Amino acid sequence: MNMLNRANPADPLLARVAEHAAEGEMILEEAVRRNPQDGSAITLMRSLLLPRAHPWQASPTADIPRLLNVVITGFDDFLRDTSPGFRRPGTLLLPMSVRIPVLAGVARVVRRPSHWTERLLPAVGDSARPALAGCLRALGES
């Protein structure tokens, strides 16, 4: 996959989340600047790309239902259409088309972590749940 592929700003999902994505980018920059040791926002960014624990709750046409679809409705279909075969990379280097909705999801969750806790924790697999719970707790305390 070419990690430098460009996002289509006319895409309906990208247009819908553009403002939130800009906010998410500022949140990440501020979090790293304020406390580089606190990786909560980075953990959240990576967690939003985790596969859903309960795929039957997402679109049946999506290859791998993602946790981000809980926060950004329509992300699974968008990902299937723009980046078929996408697998979560081992780094934070994401295609721009994927990075934009991820940043928007970060902004939405960081603004109201307690609101999202009950929606996100049941949707993620058991092995990822403790890290995500700690991340959401830390975001709620900051």
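As the structure is a computational prediction, the values presented were derived from the model and not from experiment.
For Ala22, there are no side chain to side chain contact (heavy atoms under 4.5 Å, CB included) partners, not counting sequence neighbours. Residues forming a side chain to side chain contact (heavy atoms under 4.5 Å, CB included) with Asn35 (at least two apart in sequence, or on another chain): Gln37, Asp38. With sequence neighbours left out, Thr117 forms a side-chain hydrogen bond (donor to acceptor under 3.5 Å, both in side chains) with no residue at all. By the side-chain hydrogen bond (donor to acceptor under 3.5 Å, both in side chains) test, Glu25 is found to be paired with Arg99, residues two or more places apart in sequence or in another chain being considered. Among residues two or more places apart in sequence or in another chain, the side chain to side chain contact (heavy atoms under 4.5 Å, CB included) test is passed with Ala18 by none. The side chain to side chain contact (heavy atoms under 4.5 Å, CB included) check on Ala41 picks up Leu28, Ala31, with sequence neighbours excluded.
Residues in residues 105-116 take part in these salt bridge (charged side-chain N to carboxylate O under 4.0 Å, His left out) pairs, two or more places apart or across chains: Glu23-Arg111. The stretch residues 27-36 participates, sequence neighbours left out, in these salt bridge (charged side-chain N to carboxylate O under 4.0 Å, His left out) pairs: Glu30-Arg33.
Rounding to the nearest 0.5 Å gives a distance of 10.5 Å between OG of Ser97 and CG of Leu13.
The two residues Ala104 and Val17 make their nearest non-hydrogen contact at CB-CB, 3.5 Å. The minimum heavy-atom distance between Leu68 and Gly105, with the atom names listed, is CD1-CA, 3.9 Å. A pairwise comparison of heavy atoms in Ser83 and Val98 identifies OG-CG2, 4.0 Å as the closest pair. In terms of heavy-atom proximity, Arg129 sits nearest to Val124 at NH2-O, 2.7 Å.
The closest side-chain heavy-atom distance from Leu121 to Trp116 is not below 4.5 Å. Contact of the Val70 side chain with the Leu120 side chain is registered, since non-hydrogen atoms from C-beta on lie closer than 4.5 Å.
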